[in-house]
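Hydrogens, waters and symmetry mates play no part in the numbers below; they use all other heavy atoms, side chains included.
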Amino acid sequence: MRLKFFKNLILGTAAITGIGATGALGAVTEADVFDWWDSGIISPGEAEEILAKLDEGDESEACILAETYAQESCEESSDTGTENATKTAKTAKRPSAKEVHGHFLYKARFDSAGHLKSHREELQLEFYRYTLKLGSQELLTYKNGASEAHFGEISTRELHSQIPLDTLWGTALLYPIGNLFVGGMLDTSTAANVRLGYRIDKAAFVEGIYWRQQNDDAHGARDIQSGELQTKFNFGETAVWWQQGHDAPLVKIRLKGKSGANKSGASKGNANKSGANQPKIQWTSTAYVHGDSIPRFARLSSTIAKSRIWGSQAITGTAQELANTKITANARFLNPLHSDSISMRLKLAVQSGPSFLRTSAAATCLEASENCRKDDLLAGIESSFVQNLTLQAKAKARYQRDDGLGTPQMEIGAKICDSQKNFAKVTAVWPKGATMEKFQLRNETHLRNEFLDISLSTTFKNGDDGGLHPSHAAITAKIMF
């Protein structure tokens, strides 16, 4: 059996829509990454790339990696665009010099031996117009309307870079002049940049950045110079960064859009009524493109750095009038450096049914360049008949053209939550069918109130001795004051 229908449907969708998309997920968490890792959806190296971005607090880039590797969409909660400064200027009130508030954050990950894999501590104090961070990042920030000044460890967020950056030690400034804004950065290694931008409207700007670092080569080689152009609009953002002497620039493209929104001119009641029955389509397209070398200060994940072309395209369609059916399609593509081959993975997923009983199915072509010889097939059901309690079951199997359908992996899970979004979730996984071989037990707990936010994720696996042993663990604790 060649699964022609599946392959033709995916490729047909790709030809019409630009290839599509993913399911719906909130901001990606360590628990999500552990689940994808243990289920074989992503490789250990890909999991570490996502976890590394989460450790750094770069949730936007972690989201992009999750969409490409796990083919699951997520909502970006971090904001690296310079429009954030303008929003703050218009909404923030003048703070009192006597008020001090903030939080203490602790994040840690542990491996199967119980060793500390990574950790992050952060004490943040906010007073008047200042923010002081101590711990894994040492930074003093001053904000007055849309003006900014940062002193200490500065990186992607502080420099409002769409491309992830190395951590630098120095100072960064940003100052608006009408629709223009100017800024710059200087660090202790003599690296510097100058930036000039123009804000077209609330959601759109164009910015040019000039980078320079004095070369400390003993032979007196020329200084390192590069130029960058960033743009942001309602439909996405782009960045082009070219360093002197490189054969090609580093390019990042992140585009998105949606249709089916309520049309203006209708009354609120009629708009809501018509919008509920109107099919909605969302799409995203992400790509990194570069040559053999990347700019000096860019800090890309290893797979991106080793790929000439890296990215994904996605589309999601939802029709509430058809049992709230959601169809998603997704394609990811990687072209390694010094190679003419392109690796492409395709996925098609369907969810349907009322909120208290949802069914789902998905098919993933693991490698399109091999004519989809290996495919992952998944079916699931989710029920919430009891208030605050959700039950789910899944079955996943790999189909290989020469060997047929393999032993299915089965999952049964339960999640209980309250109105405050506190929840506890447990999932039992049988990777080898109805046997205890490699059995897994995954737990996730999240508790929050006005002053405390804590989450704990653990995975236990069945060992050779027949007992359960920890495989992964992550904890995040945040105390607000």
Side-chain angles (χ1 to χ4, degrees), residues 3 6-23 25 28 36 40-50 53 60-74 76 162-164 235-241 247-257 281-292 294 298 300-316 327-349 362-376:
L3 295 180
F6 161 71
K7 186 169 64 175
N8 292 338
L9 181 58
I10 287 284
L11 295 176
T13 304
I16 296 172
T17 66
I19 309 181
T22 60
L25 185 74
V28 63
W36 301 329
I41 297 174
I42 62 178
S43 68
E46 293 168 344
E48 289 294 345
E49 287 184 34
I50 304 174
K53 292 301 178 183
S60 177
E61 196 70 11
C63 184
I64 291 174
L65 295 176
E67 288 182 341
T68 302
Y69 294 146
Q71 297 184 293
E72 295 284 350
S73 64
C74 65
E76 302 175 21
Q162 294 171 6
I163 295 175
F235 55 84
E237 60 187 36
T238 64
V240 181
W241 193 354
D247 60 336
L250 167 61
V251 179
K252 178 184 178 181
I253 301 173
R254 176 75 167 167
L255 305 177
K256 55 186 177 181
I281 297 177
Q282 293 181 316
W283 60 270
T284 61
S285 181
T286 303
Y288 276 95
V289 183
H290 62 82
D292 293 341
I294 60 176
L300 304 182
S301 298
S302 59
T303 306
I304 299 177
K306 296 176 182 177
S307 300
R308 180 185 294 109
I309 303 174
W310 181 101
S312 66
Q313 294 180 325
I315 187 169
T316 300
I327 301 177
T328 66
N330 177 289
R332 81 175 194 189
F333 44 87
L334 291 85
N335 175 210
L337 289 170
H338 314 297
S339 173
D340 295 330
S341 64
I342 296 180
S343 173
M344 180 175 289
R345 178 172 294 187
L346 310 173
K347 178 180 178 181
L348 181 67
T364 303
C365 167
L366 298 180
E367 186 51 71
S369 64
E370 298 177 355
N371 296 319
C372 298
R373 299 185 64 86
K374 295 182 180 180
D375 307 281
D376 281 346

Can you confirm whether I327 sits close enough to I315 that some side-chain heavy atom of one is under 4.5 Å from a side-chain heavy atom of the other?
no
Exercise: identify the closest heavy-atom pair between G291 and L337:
O-CD2, 3.5 Å
Could you report the tightest heavy-atom contact between A331 and L346, atom names first, then the distance?
CB-CD2, 3.5 Å
Close side-chain approach of W241 to H290, heavy-atom, < 4.5 Å
no
Just so I know, are the side chains of T316 and T284 near enough to count as touching, which here means a heavy-atom distance under 4.5 Å?
no
Within the side chain of E367, is there an N or O that forms a donor-acceptor pair under 3.5 Å with the backbone of M344?
yes
With the side chain counted from C-beta on, respond yes when E46 and L65 share a heavy-atom pair under 4.5 Å apart, and no when they do not.
no
Spatial distance of atom CZ (R345) from atom CG (D376) [nearest 0.5 Å]
7.5 Å
Quick check: closest heavy atoms across D292 and H338, and the distance to 0.1 Å?
OD1-CE1, 3.3 Å
May I have the step-by-step check of side-chain contact (heavy atoms from CB on, under 4.5 Å) for W283 and Q313, ending in yes or no?
CA-CA 8 Å; W283 60 270; Q313 294 180 325; over 6 Å; no
pair Q71-S312: side-chain heavy atoms closer than 4.5 Å
no
Charged N to carboxylate O below 4.0 Å: is that the case for E61 and R254?
no
Atom pair CH2/CD1 of W36 and I42 - distance to nearest 0.5 Å
6.5 Å
Shortest non-hydrogen contact from S307 toward L334:
OG-CD2, 4.1 Å
Please report the interatomic distance CD(E237) to CD1(I253), rounded to the nearest 0.5 Å.
11.0 Å
Using a 6.0 Å cut-off, check whether atom CG of D247 has over 12 heavy atoms from anything other than its own residue.
yes
What distance do E370 atom CD and S343 atom OG have between them, rounded to the nearest 0.5 Å?
8.0 Å
Start with the C-alpha distance between I41 and T364, add both sets of side-chain angles, then the distance that settles side-chain contact (heavy atoms from CB on, under 4.5 Å), and finish with yes or no.
CA-CA 10 Å; I41 297 174; T364 303; over 6 Å; no
Does D375 reach the main-chain N or O of L366 with its side chain, forming a donor-acceptor pair under 3.5 Å?
no
Taking every heavy atom of A298 against every heavy atom of I163, the minimum-distance pair comes out as CB-CG2, 4.2 Å
At their closest point, which heavy atom of C63 faces which heavy atom of V28, and how far apart are they?
N-CG1, 4.2 Å
Rounded at 0.5 Å granularity, tell me how far CD1 in I64 sits from CD1 in I304.
7.5 Å
With sequence neighbours excluded, residues passing side chain to side chain donor-acceptor pair (under 3.5 Å) with T303
E49, Y69
Side-chain donor or acceptor of R308 paired with backbone N/O of D340 under 3.5 Å:
no
Separation of T286 OG1 from K256 NZ (nearest 0.5 Å)
9.5 Å
